[in-house]
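Step one of this worksheet: look at the structure below.
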Amino acid sequence: DAASALLSLLPPAALAKVSLVCKSWRMAAEDERLWKAHCLNDPHCKSVMCSMKVLRLGGWRRFYCSRAKEVMLAKRLFPGKDQVTFFDIWMFTGEILWENLIEPTIQVIY
């Protein structure tokens with residue numbers, strides 16, 4: 001429909017914000033097809049993506065959000081490093097990313 005077509009043009013951050021408008025917009029913005037498309041176009045997601053990992057994390061939206069959090073932490077905490085382990089993040093922040101554990105290392109693409 002027209003709403004889905006418009007939402008498919010939004011970047012992930014805007015899609016997340018749109019989901020806060022009302023219940024019907026939230027349902028439309030959480031459509032797994034929209035998030036799958038973002039995962040297929042994101043190099044950080046494509047490098048570790050497989051259907052079992054996506055299902056284990058609870059779907060494409062959660063997979064995308066988890067991967068984005070991992071990469072954001074890796075870039076912020078270890079600038080210039082192209083590979084970061086979850087142990088590195090835990091030692092630096094004390095934050096355990098159990099729900100985000102996709103791979104033992106995070107490949108950072110600049």
Side-chain angles (χ1 to χ4, degrees):
D1 70 338
S4 293
L6 287 173
L7 291 176
S8 70
L9 301 174
L10 296 176
L15 198 54
K17 289 177 184 174
V18 162
S19 71
L20 301 173
V21 172
C22 66
K23 189 175 182 177
S24 62
W25 283 38
R26 186 184 82 232
M27 290 174 56
E30 290 180 353
D31 184 340
E32 287 291 295
R33 293 172 294 180
L34 295 172
W35 291 98
K36 181 178 180 180
H38 284 299
C39 287
L40 295 174
N41 290 318
D42 187 298
H44 293 106
C45 289
K46 283 195 296 190
S47 66
V48 296
M49 189 169 44
C50 83
S51 58
M52 290 305 295
K53 292 173 187 171
V54 171
L55 290 174
R56 189 177 77 213
L57 283 172
W60 292 101
R61 185 178 62 84
R62 277 208 59 190
F63 176 80
Y64 185 90
C65 294
S66 294
R67 198 63 185 165
K69 180 180 180 181
E70 294 165 0
V71 172
M72 183 267 313
L73 279 172
K75 284 182 176 180
R76 185 169 44 103
L77 300 176
F78 306 97
K81 200 170 176 186
D82 63 350
Q83 191 171 9
V84 177
T85 68
F86 285 95
F87 184 75
D88 294 334
I89 291 175
W90 175 69
M91 289 299 291
F92 197 87
T93 66
E95 183 175 1
I96 299 173
L97 302 173
W98 294 117
E99 75 277 10
N100 302 329
L101 186 58
I102 296 172
E103 296 271 318
T105 60
I106 303 165
Q107 299 294 326
V108 181
I109 301 166
Y110 289 94

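Computation of the quantities below employed the complete heavy-atom set of this structure, encompassing side-chain atoms and omitting hydrogens, waters and symmetry-equivalent molecules.
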Side-chain atoms of residues 16-31: list all donor-acceptor pairs with protein atoms under 3.5 Å, sequence neighbours left out, distances to 0.1 Å.
residue: S19; atom: OG; partner: A16; partner atom: O; Å: 2.5
residue: D31; atom: OD1; partner: R33; partner atom: N; Å: 2.9
residue: D31; atom: OD1; partner: R33; partner atom: NE; Å: 3.2
residue: D31; atom: OD2; partner: R33; partner atom: NE; Å: 3.2
residue: D31; atom: OD2; partner: R33; partner atom: NH2; Å: 2.6

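- Note that the CD atom of E32 and the CZ atom of R62 stand 11.0 Å from one another [nearest 0.5 Å].
- Between L40 atom CG and W35 atom CH2 the span is 13.5 Å, to the nearest 0.5 Å.
- For the atom pair Q83 CD and D88 CG, the distance stands at 9.5 Å (nearest 0.5 Å).
- Using cut-offs of 30° and 60° for the angle between ring planes, the W60 and F63 rings count as perpendicular.
- One distance of note links NE2 of H38 with CG of D42; it measures 10.0 Å at 0.5 Å rounding.
- Rounding to the nearest 0.5 Å gives a distance of 12.5 Å between OH of Y64 and CG of L34.
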Enumerate, atom names and distances included, each donor-acceptor pair closer than 3.5 Å involving a side-chain atom of residues 4-15, sequence neighbours excluded.
residue: S4; atom: OG; partner: D1; partner atom: OD1; Å: 2.9
residue: S8; atom: OG; partner: A5; partner atom: O; Å: 2.6

